[in-house]
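Working notes, beginning with the structure itself.
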Amino acid sequence: MQTFTDKAVNIIKQIPPGKVMTYGQVAAAAGSPRAARQVTRILHSMSSKHNLPWHRIVNKQGEIALKDEGARTFQIEKLQEEGVELDRSNLIDLARFRFNFSD
DNA sequence: GCCATGGCTAGTA
DNA sequence: GCCATGGCTAGTA
């Protein structure tokens with residue numbers, strides 16, 4: 001039986017370039033709709049180890065959640081390279097770029 | 001803008 | 001103890 005973390009990691013790995021998922025979406029897909037916060041922890045501490053596309057996770061509003069200015073800019077650049085568009089407020093249109101995970 | 005929620009990794013002993 | 005959320009309330013206009 002897979003743990004929540006295992007499932008979440010697998011799901012995150014399946015997000016294709018040019019698409020994004022929200023924290024809550026990943027949590028729900030991993031079987032625990034309220035564990036959005038846990039997803040932040042996974043990304044924070046396991047991204048490099050598991051080579052996760054951490055930049056493809058945004059918050060429910062389609063905003064970049066990172067607080068550090070340099071890291072924000074880095075994430076925005078990575079997304080744009082993949083074809084994700086951000087408006088002048090750096091908002092992502094989730095209707096267009098959300099990856100609808102199903103399995 | 002506050003705070004309940006969830007599930008555990010990293011790092012020391 | 002940590003955390004890069006999310007949802008809901010109180011309080012103002």
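Just so it is clear: chains get the letters A, B, ... in the order the sequence lines come, proteins before strands, and each one is counted from 1.
Heavy-atom neighbours of A:Lys60 NZ from other residues, nucleotides or ligands within 6.0 Å: at or below the threshold of 12.
With A:Lys19 contributing its side chain and A:Val84 its backbone, the two residues share no donor-acceptor pair below 3.5 Å. Between the side chain of A:Gln75 and the backbone N or O of A:Ile57, at least one donor-acceptor pair lies under 3.5 Å.
Residues A:Glu82 and A:Phe97 have side chains not in contact (no heavy-atom distance under 4.5 Å, counting atoms from C-beta outward). For the pair A:Ile42 and A:Leu52, the minimum side-chain heavy-atom distance is below 4.5 Å. Within the 4.5 Å cutoff, the side chain of A:Asp68 has no heavy atoms near those of the A:Phe74 side chain. Taking 4.5 Å as the limit, every side-chain heavy atom of A:Asp93 sits out of range of all side-chain heavy atoms of A:Glu85.
Of all nucleotides in DNA chain C, those with any atom nearer than 4.0 Å to a heavy atom of chain A start and finish, going 5' to 3', at C:dC2 to C:dG7.
We find the CD-CD1 distance between A:Gln25 and A:Ile15 to be 8.0 Å, quoted to the nearest 0.5 Å. Of the inter-residue distances, the one linking A:Tyr23 atom OH with A:Ile12 atom CD1 reads 9.5 Å to the nearest 0.5 angstrom. A:Leu43 CG to A:Arg56 CZ: the interatomic distance, rounded to the nearest 0.5 Å, is 12.0 Å.
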> Reading DNA chain C 5' to 3', what string of ( ), [ ], | and . shows its pairs, if Watson-Crick and G-U wobble pairs count only when both distances fall under 3.5 Å?
Replying inline: |||.||||.....

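Each of A:Phe4 and A:Arg37 was assigned the nucleotide of DNA chain B with the nearest heavy atom; the assignment lying further toward the 5' end belongs to A:Arg37. For A:Asn59 and A:Gln38, each mapped to the nucleotide of DNA chain C holding its nearest heavy atom, the one lying further toward the 5' end belongs to A:Gln38.
Annotation: proximity of residues 82-95 of chain A to DNA chain B (heavy atom, distance under 4.0 Å) is found for no residue.
Residue contacts shown for A:Lys49 are limited to sugar-phosphate atoms, with no base heavy atom under 4.0 Å away.
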